[in-house]
Amino acid sequence: MTPTATAEAKSPATPPTTTPAASGGVGSVPALSGLPYVPRPREVSTGDARQLTRLFFERLRSLEEGTREYQYVRNTLIEMNISLVHFVARPFRDRPGGPENEDVVQVGIIGLIKAIDRYDPERNTQFATLAVPYITGEIKRHFRDTTWAVRVPRRLQELRVELAKATEALTSESEHPPTPAELAAHLGLTEDEVRQGLVAANGYSTQSLDAPQQHTAGTAQAPAGQAPRSLAETLGVTDPALEAVEDRHALAPLLADLDERSTHILQLRFGEELTQAEIGAELGLSQMQVSRLLARTLGSLRAELLHD
């Protein structure tokens with residue numbers, strides 16, 4: 001059964017010379033009278049899609065870009081070849097840290113559209129020969145640009161893949177993780193280039209500061225029955241008291257130079273936290289006199305600290 005016959009069998013009441021636009025009430029499209037009508041392009045079999053694709057491409061070349069006829073033929077080509085996108089996207093679906101399946105397909109469709117716009121039927125090659133590399137490249141570009149937690153140059157992104165493959169191969173041979181020197185000899189690179197790639201590979205994925213830490217060599221193991229601590233719980237914070245250490249150290253010699261009465265007043269006010277009236281009663285001074293002595297002493301100490 002030919003593609004035309006298949007399409008007609010699916011919709012016997014629809015003439016092959018009528019487009020979806022015509023069935024929607026817009027009218028017939030004379031320029032498409034020689035093309036079979038494909039009511040459900042995504043459901044066309046692979047063999048029929050291959051033959052119909054060539055027919056539609058030949059007609060696409062004769063149509064003016066931007067016209068309704070051109071859009072119908074181009075959109076039908078996209079729909080008929082969606083299966084190529086699903087085929088190419090299959091190996092990318094289960095990558096850790098990768099996008100959802102629907103995202104991969106949408107990106108692959110962009111590559112399919114680019115292939116349709118660049119395909120030349122006169123080259124006498126199958127459309128899939130051009131479309132598959134375009135779809136694959138678009139998906140790989142999407143992974144390269146969106147799945148890295150830290151953006152690194154493309155050269156280092158590709159080096160990460162090479163290092164992963166080399167590490168797996170060398171580990172299976174020697175039964176121990178390879179050193180940077182062994183990786184460099186295996187890949188024909190310098191040790192500095194290998195170390196740069198290993199450091200850049202750390203930017204592929206990140207871990208939350210609140211995630212429980214796994215016990216590794218050199219780290220303390222959580223006591224039995226106690227949940228592992230997160231990295232955030234092990235990080236130190238600034239102690240507010242540390243900010244006063246330098247001030248106290250600078251203030252000590254200034255306090256030592258004060259007279260006995262000023263030192264006693266400061267001790268009563270800030271050490272024993274007495275009020276000015278209570279200090280005056282103990283020293284036989286009025287509250288006003290105590291206030292003036294405190295202001296003069298504190299002002300002198302402040303001036304000396306700021307001057308130093």
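Residues take their numbers from the sequence shown, with the count starting at 1.
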Taking atom [atom1] of [X] and atom [atom2] of [Y], what is their separation to the nearest 0.5 Å?
X	Y	atom1	atom2	answer
Glu79	Leu112	CD	CG	9.5 Å
Asn81	His86	CG	NE2	11.5 Å
Leu77	Leu52	CG	CG	9.5 Å
Arg261	Leu266	CZ	CG	12.0 Å
Thr167	His186	OG1	NE2	9.0 Å

Looking only at non-hydrogen atoms, find the nearest pair between [X] and [Y] and report the distance.
X	Y	value
Ala166	Leu183	CB-CD2, 3.8 Å
Thr171	Pro177	OG1-CA, 4.0 Å
Glu278	Thr275	OE1-N, 3.0 Å
Pro36	Phe56	O-CZ, 3.7 Å
Gly111	Ile135	C-CG1, 4.1 Å
Leu305	Ala250	CD2-CB, 3.8 Å

In chain order, what residues pass the ring pair (Phe, Tyr, Trp, His ring centres under 6.0 Å) check against Phe57, with sequence neighbours excluded?
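For Phe57, the residues satisfying ring pair (Phe, Tyr, Trp, His ring centres under 6.0 Å) (neighbours in sequence not counted) are Tyr119, Phe127.
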Would you call [X] and [Y] a side-chain contact if the rule is heavy atoms closer than 4.5 Å?
X	Y	answer
His142	Phe92	no
Val85	Val104	no
Val88	Ile139	yes
Arg302	Leu306	yes
Leu170	Glu173	yes
Arg50	Gln126	yes

Donor-acceptor contact below 3.5 Å, side chain [X] vs main chain [Y]:
X	Y	answer
Glu182	Thr179	yes
Ser262	Leu258	no
Thr76	Tyr72	yes
Thr263	Asp259	yes
Thr297	Leu294	no
Ser300	Arg296	no
Asn75	Gln71	yes
Gln289	Gly280	no
Glu193	Thr190	yes

Would you call Glu273 and Arg269 a salt bridge, taking side-chain N to carboxylate O under 4.0 Å as the test?
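Not counted as a salt bridge, because no side-chain N and carboxylate O are separated by less than 4.0 Å.
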Tell me whether Phe270 shares a hydrophobic cluster with Leu274, the cluster being built from Ile, Leu, Val, Met, Phe, Trp, Tyr side chains joined at under 4.5 Å.
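Yes; Leu274 is reachable from Phe270 via cluster members.
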Please check if Ile116 and Phe87 belong to a single hydrophobic cluster, counting links between Ile, Leu, Val, Met, Phe, Trp and Tyr side chain heavy atoms closer than 4.5 Å.
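Same hydrophobic cluster.
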I'd like to know whether [atom1] of [X] has more than 12 heavy-atom contacts from other residues, nucleotides or ligands below 6.0 angstrom.
X	atom1	value
His176	NE2	yes
Glu168	CD	no
Glu260	CD	no
Arg292	CZ	no

Scan for salt bridge (charged side-chain N to carboxylate O under 4.0 Å, His left out) pairs involving residues 114-130, sequence neighbours excluded, and state none if there are none.
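Qualifying pairs: Arg61-Glu122, Arg74-Asp117, Lys114-Glu138.
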